[in-house]
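Protein chains get the first letters and strands the later ones, always in sequence-line order, with residue 1 at the start of each.
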Amino acid sequence: MVEIFEGAIPVEETLSKWYKSEKSRNYGAFIPFVGTVRDEDSIEGLSFDIYEPILLKWFEKWQEVAKERGAFLKMAHSKGDVLLHESSYISAVFSPKRRVALELIDEFVEDFKKNAPIWKYDLKNGKRIYAEERSQKIAGSGLLK
Amino acid sequence: MVEIFEGAIPVEETLSKWYKSEKSRNYGAFIPFVGTVRDEDSIEGLSFDIYEPILLKWFEKWQEVAKERGAFLKMAHSKGDVLLHESSYISAVFSPKRRVALELIDEFVEDFKKNAPIWKYDLKNGKRIYAEERSQKIAGSGLLK
Amino acid sequence: MIKVEFLGPIGKENLEVEVSTLSELGEILSKDDEISEWLSKCAIAVNDEIVFNKDRELQSGDKISLLPPVCGG
Amino acid sequence: MIKVEFLGPIGKENLEVEVSTLSELGEILSKDDEISEWLSKCAIAVNDEIVFNKDRELQSGDKISLLPPVCGG
């Protein structure tokens, strides 16, 4: 399940909802990763485009990986503008086992940064500027060059 | 800061409080680890003893490690009885950087399991039974043997 | 007819073209000054699956997407 | 006088003993059937600092703690 929010994610409500929904399902470990917009480089905030069809397929592949390890993933992301100190990203792993949870959240978040079809823009002086220098080419890029 | 609760931790309130308290301090990544009591081995729950003076010193050493990396730690733990599907443990890292946060939560939680002065008991048939086979000797054990 | 869409920051309207392989599409796009600079940076999806083979044959109705460098989170 | 406390599951009342090193304390505790089995498993703290040197000298008023195997979380 991927939850897409217009603008900032309501973090407290989302964490509460996820915790409550899995609380009785016998997962011993719950690890959310919450990403919050930092005040840096004189930005006013960040803005995001998401291509949902491929994001959902990417996520479902990871859900299969998690399932093979007895674990379960959730994710939320913003589209549009997210201002300073608001949050744009949460992913979470639920697992019976501590080691599985700690390893999976790391692998999942790192692959998310590399391959999830989401584009980031800095909001500066009211403009939306593609954060190209912080972006990474998806695996397989350059096929048509 | 270590928060000790009699019985189960109020997870939703604690995560909300921690998120709110650090939200404007420019940490880009917030990773809590929540430990919940699993229904297994016919237990009715778990119970914990804590030796606070050494726990606080252990925690402060980790807080120094976190500080050197620009990060910040919080922790909550239960003492006494915690029933099935209730939570007994939360630790969290706040960090400007994703990699620091992912590595630190792993190291911190693993060292917690090895060295934090907390003793676990199974609650079975109304009795409190030391979980010796799941317990680990602290570094330096056997000095007086 | 193949539909081509340009995702994220590329900022170009969808195209419809008659091609039968990705190679042919690459030749057409490399002649478009707005797009050619993106080709070395973009991954390619056919019907929302990222593909790795340029010789792949296309069928009428296929949707091709160009995915420039990403940065979620 | 040195105060000795037994943490967690050991379940024994505090002791007060006259010793001047940890080695001496070890000799006394090894003669106590309730405690001797715990010695190989326990870490030792002096005034709430875990110590690694058995020859450490003790001073009157010091507090020694025995910490059996732990399992937080």
Taking [atom1] in [X] as the centre, count heavy atoms belonging to other residues, nucleotides or ligands within less than 6.0 Å. Is the count above 12?
X       : atom1 : value
K54(D)  : NZ    : yes
E133(B) : CD    : yes
E37(D)  : CD    : yes
K12(D)  : NZ    : yes
K61(B)  : NZ    : no
K63(D)  : NZ    : yes
K67(B)  : NZ    : no

Would you say the side-chain atoms of W119(B) pair up with the backbone N or O of C71(D), donor to acceptor, closer than 3.5 Å? no

Does V70(D) offer a backbone N or O that forms a donor-acceptor pair with the side chain of K120(B) under 3.5 Å? no

Measure across [X] and [Y] and return the closest heavy-atom pair with its distance rounded to 0.1 Å.
X      : Y       : answer
A45(D) : I54(B)  : CB-CD1, 3.5 Å
A43(D) : A139(B) : CB-O, 4.2 Å
D48(D) : P53(B)  : OD2-CB, 3.3 Å
L67(D) : P117(B) : CD2-CB, 3.7 Å

Proximity breakdown for [X] and chain D, heavy-atom pairs closer than 4.5 Å:
X       : answer
F33(B)  : neither
K79(B)  : neither
K113(B) : both

Among the options S30(D), G8(D), P9(D), pick out the one with the most heavy-atom pairs lying under 4.5 Å from chain B. P9(D)

Is there a side-chain contact between K137(B) and P69(D) in this structure, where contact means two heavy atoms from C-beta onward sitting under 4.5 Å apart? yes

Quick one: does L143(B)'s side chain get under 4.5 Å of V51(D)'s, heavy atoms only? yes

Please report the interatomic distance CG(L144(B)) to CD1(I64(D)), rounded to the nearest 0.5 Å. 8.5 Å

When rounded to the nearest 0.5 Å, the distance separating OH of Y130(B) from CD1 of I10(D) is 8.0 Å

Sort [X] into side chain, backbone, both or neither according to what part of it lies under 4.5 angstrom from a heavy atom of chain B.
X      : answer
L29(D) : side chain
I50(D) : side chain
E27(D) : neither
D55(D) : neither
S40(D) : both
S36(D) : neither

Report the C-alpha separation of L7(D) and D49(B) in whole Å, then their side-chain angles, then the decisive distance to 0.1 Å, and conclude whether the side-chain contact (heavy atoms from CB on, under 4.5 Å) test is met. CA-CA 9 Å; L7(D) 298 175; D49(B) 289 340; over 6 Å; no

Among A116(B), A131(B), G35(B), which has the most heavy-atom pairs under 4.5 Å with chain D? A116(B)

